[in-house]
Amino acid sequence: MSTGDLMFPEGQGASTDTEWIGAGAADTEDNALYLELDGWAGPLDLLLDLARRQKVDLRAISILDLVDQYLNYIDRAEALKLELAADYLVMAAWLAFLKSSMLLPKEEQEDPSPEELALKLQLRLQRLGAMREAAARLMARDRIGRDVFIRGAPEGLRTDRKTQWQCDWYALIQGYGQVKARTAPAVHMVRERPVMTLDSALDRVSNMLGVTLDWMTLEEFLPPHAEPRLRRSALASSFVAALELARMGKAEIAQDDIFGPLRLRRLTERATA
Amino acid sequence: MNDDKPEPLVRAVEATLFAAEEPMSVDALASHLGDEEKATIRAALRQLAAHYQDRGIHLVERSKRWHFQTAADLAHLLRTEREQVRRLSRAATEVLAIIAYHEPVSRAEIESIRGVQTAKGTLDVLMEAGWVRAAGRREVPGRPVIYATTPEFLEHFGLQTRRDLPGLDELRAAGLLDPVDDAYNLLTGLDDTDAPAADDTPIEQAD
Amino acid sequence: MNDDKPEPLVRAVEATLFAAEEPMSVDALASHLGDEEKATIRAALRQLAAHYQDRGIHLVERSKRWHFQTAADLAHLLRTEREQVRRLSRAATEVLAIIAYHEPVSRAEIESIRGVQTAKGTLDVLMEAGWVRAAGRREVPGRPVIYATTPEFLEHFGLQTRRDLPGLDELRAAGLLDPVDDAYNLLTGLDDTDAPAADDTPIEQAD
């Protein structure tokens with residue numbers, strides 16, 4: 001268990017988030033009982049106040065004394081039948097546990113040791129104390145609207161934005177060209193293209209394969225003197241025809257290197273068998 | 001006066017007038033500052049006014065009440081104009097071009113030439129730029145507003161008259177009338193057909 | 001009077017800051033004054049600050065923005081009429097201090113320092129005052145929102161930067177801004193918890 005677990009809801013019972021009443025840290029006779037629990041924002045706050053009343057540096061406080069003071073405080077509040085918020089009682093129980101472990105012989109110590117718990121409690125109180133002082137110093141600064149004032153009736157600065165539009169001559173006529181081009185009636189023409197169909201390529205390649213037993217490159221199967229566009233079509237069709245003939249077992253295909261010439265020859269009956 | 005640390009009352013009057021939400025009279029100042037002598041307040045005001053007379057702010061009296069205000073010669077600082085340069089959008093450029101070639105032209109006509117609807121703001125932008133003006137109404141049903149270009153338009157685009165705008169033949173020669181597909185084919189060398197001739201001509205407009 | 005007429009730019013900066021409704025940065029001043037050199041603006045600001053240092057109003061820099069305000073020693077004269085500052089509850093005061101000295105900090109971290117849960121309204125009050133803002137999330141399980149102070153916070157409390165927070169250096173040197181566990185480990189020589197710097201995801205802040 002660490003003090004970090006001791007977290008209490010604010011604004012409930014003794015812990016309150018309303019405007020500070022100011023009774024909490026008042027310098028009452030040391031152990032005099034506060035009736036205004038409202039002054040504390042929780043058990044840690046009360047502990048800090050008690051620690052401060054040891055009138056020593058927070059680094060030098062006696063945790064045992066502090067525990068006693070706190071427990072004493074709680075006892076007296078109970079004796080007076082004051083309704084104490086649960087968080088104060090939880091802290092009291094934890095501190096009673098801490099005290100008893102601190103008084104126990106060393107060897108029976110559990111982990112974390114009571115020294116560690118005590119030291120961490122002390123560190124927490126130091127940190128809370130530091131922030132409380134920082135808050136006080138912050139609030140004491142020259143604050144706008146309280147200590148210093150800004151101009152009551154500034155004229156204000158106004159900036160009017162004006163747009164300077166830009167467009168050049170070329171963009172203008174290009175724009176007109178685009179409108180005209182976009183809205184001009186479009187005429188689509190489909191042009192006849194010389195092609196070699198797959199069927200005619202199949203006929204052509206198998207006929208030519210019947211003539212010779214030698215390897216021939218694919219290009220040799222293309223019609224000579226074909227114009228470029230027909231030639232490209234013929235190349236594609238002849239290639240597919242060659243694959244088809246190879247699939248049917250009527251031809252074999254060889255290529256020695258990647259992207260090397262593709263060679264083709266008739267598959268003889270003997271080779272098939 | 002020597003401008004070393006001013007007297008306490010002068011500082012007090014200075015701060016009070018600075019923080020005040022309204023101009024203050026000598027009476028108001030005197031009572032605010034713990035019933036000072038009015039004569040002392042007046043002296044302080046005179047000192048302050050003298051101190052500030054060459055500065056960026058002045059202490060001035062208006063109908064017996066005092067306040068700080070910006071020096072008159074710096075009043076322009078309170079309102080500044082920022083010029084922002086922006087390119088005309090493509091839609092606005094097209095509309096401007098249509099108006100230039102076909103003016104005067106109604107919005108409906110612009111839309112039918114562009115083939116798309118024209119956002120309300122587009123014409124506003126062109127008018128804000130000072131290049132287009134409303135030029136009356138067309139005497140047809142509905143009496144639509146017609147638009148025309150302005151002298152600033154000619155000036156901005158370096159034109160003497162609207163007739164300096166290139167004609168369709170010139171646009172075509174410059175490739176500006178080529179539909180996108182043909183232009184693409186031309187680039188890739190796969191096509192040699194001419195773009196179909198668009199045979200509408202700009203409306204000839206007498207100036 | 002022997003305060004020679006100030007230079008035009010000094011007068012312009014003076015007039016602009018006097019008229020402005022908000023504190024202004026050097027950048028804002030430079031652009032308002034027609035893209036002046038920032039170095040020139042800075043020189044003018046220094047000159048003005050020096051000129052005003054003994055007067056009833058001062059020119060101050062807060063969070064890199066400049067404004068005029070009344071001299072603090074005249075507070076008693078000006079406070080009478082207007083109590084403009086809202087009173088903060090003690091809880092809100094503490095939470096504000098914790099955020100300022102530890103920022104960015106999550107709600108759980110605030111609570112572990114205070115030892116009590118923070119009422120819902122406390123952070124709201126600080127955010128409504130404009131002194132605190134959500135500054136992203138901490139990249140730990142649950143991705144809690146982390147809080148930080150704003151330029152308005154520095155302005156209100158008269159701080160030029162966060163480094164001017166009262167006692168910040170001492171608190172830091174004393175380790176009082178470190179978590180309890182780190183301080184404990186340091187004290188007991190167990191300093192093996194080199195906690196990796198928390199990875200905070202900032203929230204984009206619209207100004």
Side-chain angles (χ1 to χ4, degrees), chain A residues 139-196 226-237, chain B residues 15 17-23 67-70 77-88 90 92-98 100-101 112-116 125-126 128-131 156-159 165-166 168 170-172 174-181 183 193 195-198 200:
Chain A
M139 292 304 138
R141 290 190 61 84
D142 291 334
R143 294 168 59 186
I144 289 182
R146 189 188 69 179
D147 307 290
V148 296
F149 297 83
I150 54 170
R151 190 152 177 224
E155 290 90 345
L157 301 174
R158 259 188 64 190
T159 306
D160 297 332
R161 307 214 170 265
K162 223 183 121 194
T163 307
Q164 163 91 55
W165 290 99
Q166 288 244 299
C167 181
D168 58 29
W169 182 87
Y170 182 74
L172 183 74
I173 62 161
Q174 188 188 36
Y176 191 68
Q178 275 163 1
V179 171
K180 282 301 183 184
R182 193 169 64 228
T183 56
V187 178
H188 298 281
M189 284 186 292
V190 178
R191 212 189 310 262
E192 200 183 349
R193 275 223 164 108
V195 293
M196 176 183 280
E227 56 122 341
R229 279 186 295 186
L230 176 60
R231 190 178 164 82
R232 282 168 65 186
S233 168
L235 181 65
S237 308
Chain B
L17 285 176
F18 171 85
E21 278 165 0
E22 302 189 323
H67 71 279
F68 281 111
Q69 69 177 31
T70 311
L77 291 176
L78 302 184
R79 253 189 93 164
T80 51
E81 265 193 5
R82 295 249 114 197
E83 275 217 335
Q84 198 182 5
V85 175
R86 284 179 63 185
R87 270 199 86 70
L88 215 51
R90 192 180 137 158
T93 307
E94 285 184 13
V95 171
L96 178 62
I98 291 168
Y101 274 90
S112 99
I113 294 169
R114 280 191 75 210
V116 281
V125 162
L126 295 174
E128 185 199 314
W131 295 333
H156 181 90
F157 290 93
L159 301 166
L165 285 169
L168 280 184
E170 290 162 276
L171 292 182
R172 186 174 299 122
L176 288 170
L177 285 187
D178 298 337
V180 174
D181 289 345
T193 44
D200 35 358

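Just so it is clear, the model here is predicted, and its values are computed rather than measured. Numbered from 1 within each chain, the chains take letters A, B, ... in sequence-line order.
Side chain of B/His156 to main chain of A/Cys167: a donor-acceptor pair is present (N/O by atom type, distance under 3.5 Å, no hydrogens or angles).
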CA sep, side-chain torsions, deciding dist, call: A/Leu172, B/Leu165, side chain to side chain contact (heavy atoms under 4.5 Å, CB included): CA-CA 10 Å; A/Leu172 183 74; B/Leu165 285 169; 4.1 Å; yes
Stepwise salt bridge (Lys or Arg N to Asp or Glu O under 4.0 Å) test for B/Glu94 and A/Lys180: CA-CA 10 Å; B/Glu94 285 184 13; A/Lys180 282 301 183 184; over 6 Å; no
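For A/Arg141, the CZ atom is densely surrounded, since the number of other residues' heavy atoms within 6.0 Å is greater than 12.
Taking all atoms of both residues into account, the shortest heavy-atom contact from A/Phe149 to B/Phe18 is O-CE2, 3.4 Å. Minimum heavy-atom separation, B/Leu159 to A/Trp169: CD2-NE1, 3.8 Å. Nearest approach of A/Ala153 to B/Glu21, heavy atoms of both residues: CB-O, 3.4 Å. Shortest non-hydrogen contact noted between B/Arg114 and A/Arg182 is O-NH2, 3.1 Å. When all heavy atoms of B/Trp131 and A/Trp165 are compared, the closest pair comes out as CH2-O, 3.6 Å.
For the atom pair B/Phe157 CZ and A/Ile173 CD1, the distance stands at 11.0 Å (nearest 0.5 Å). Put simply, CG on B/Leu171 and OH on A/Tyr176 are 8.0 Å apart, with the number rounded to the nearest 0.5 Å. Taking OG1 of B/Thr70 as the reference point, atom CD of A/Glu155 lies at 3.5 Å (rounded to 0.5 Å).
Chain A forms more heavy-atom pairs under 4.5 Å with one residue of B/Arg87, B/Gln84, B/Gln69 than with any other, namely B/Gln84. In terms of heavy-atom pairs under 4.5 Å with chain A, the best-connected choice from B/Gly130, B/Ala92, B/Pro166 is B/Pro166. Considering only heavy-atom pairs separated by less than 4.5 Å from chain A, the leading option among B/Glu128, B/His67, B/Arg86, B/Glu22 is B/Arg86.
Proximity to chain A (any heavy atom under 4.5 Å) is shown, for B/Glu170, by neither the backbone nor the side chain. If you measure heavy-atom distances from B/Leu17 to chain A, you find no contacts under 4.5 Å at all. A/Gln178 touches chain B through backbone and side chain together, each having a heavy atom under 4.5 Å away. Both the backbone and the side chain of B/Arg79 come within less than 4.5 Å of a heavy atom of chain A. For B/Val125, the parts lying near chain A are the backbone and the side chain together; criterion is any non-hydrogen pair under 4.5 Å.
Between A/Leu157 and B/Leu77, every side-chain heavy-atom pair lies at or beyond the 4.5 Å cut-off.
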